[in-house]
Amino acid sequence: QVQVVESGGGLVQPGGSLRLSCSASGTIFSTNSMGWYRQAPGKQREVVASISSRGNTNYADSVKGRFTISRDNAKNTVVLQMNSLKPEDTAVYYCNAKIITLGSMRDMDYWGKGTLVTVSS
């Protein structure tokens with residue numbers, strides 16, 4: 001079994017910063033890409049940022065220059081540093097990890113339960 005747990009959400013004023021962390025644990029053989037998605041009220045879930053096992057990153061246009069994703073392969077953790085936050089960044093943020101478990105031949109998507117980020121004055 002694999003568990004993916006996020007932390008770090010909360011309420012922040014516009015222009016402020018938050019740091020989201022995610023940790024994957026369990027019967028993990030290897031972890032391919034890890035990433036963050038978000039879902040605002042009434043909207044579909046969208047990708048925010050992703051990072052490969054080699055450290056290659058991709059960002060949604062809406063967060064480029066403001067958010068930074070990083071990971072620690074040895075610890076199976078991924079961090080999203082969010083700066084210059086805007087009210088439109090308000091959403092539930094979900095961690096995703098593509099993991100190959102022990103005894104498996106291919107990776108599967110594992111998701112955290114989400115953490116709420118609210119940007120408001």
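Values below: all heavy atoms of this structure, side chains included; hydrogens, waters and symmetry mates excluded.
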Item to check | Connected via hydrophobic side-chain network under 4.5 Å: Leu20 and Val12 | outcome: yes
Item to check | ILVMFWY network linking Val5 to Val2, side-chain heavy atoms under 4.5 angstrom | outcome: no
Next on the checklist: Given 3.5 Å as the limit, does a donor-acceptor pair link the side chain of Glu6 with the main chain of Gly114, or not?
Outcome noted: yes
Next on the checklist: Looking at Gln44, I'd like to know if its CD atom is crowded, meaning that more than 12 non-hydrogen atoms belonging to other residues, nucleotides or ligands lie closer than 6.0 Å.
Outcome noted: no
Checklist entry - Is there a donor-acceptor pair closer than 3.5 Å between any side-chain N or O of Thr27 and the backbone N or O of Gln1? => result yes
Next on the checklist: Checking the side chain of Thr31 only, and the main-chain atoms of Ile99 only, is there a donor and an acceptor separated by less than 3.5 Å?
Outcome noted: no
Checklist entry - Are side-chain N/O atoms of Ser53 and Asn32 paired as donor and acceptor at under 3.5 Å? => result no
Checklist entry - What side-chain hydrogen bond (donor to acceptor under 3.5 Å, both in side chains) pairs are there with at least one residue in residues 110-121, not counting sequence neighbours? => result none
Checklist entry - Minimum heavy-atom separation for Met34 to Val78, with atom names? => result CE-CG1, 3.8 Å
Next on the checklist: If we ignore hydrogens and angles and just use 3.5 Å, is the side chain of Tyr93 paired with the main-chain N or O of Gly8 as donor and acceptor?
Outcome noted: no
Item to check | Exam field: side chain Arg71 to backbone Arg54, donor-acceptor pair closer than 3.5 Å | outcome: no
Item to check | Smallest separation among heavy atoms of Phe67 and Val48, with atom names | outcome: CD2-CG1, 3.7 Å
Item to check | Partners meeting salt bridge (charged side-chain N to carboxylate O under 4.0 Å, His left out) with Asp109 (sequence neighbours left out) | outcome: Lys98
Checklist outcome for this item: Sorted by chain and number, sequence neighbours left out, salt bridge (charged side-chain N to carboxylate O under 4.0 Å, His left out) with Arg66 holds for Asp89
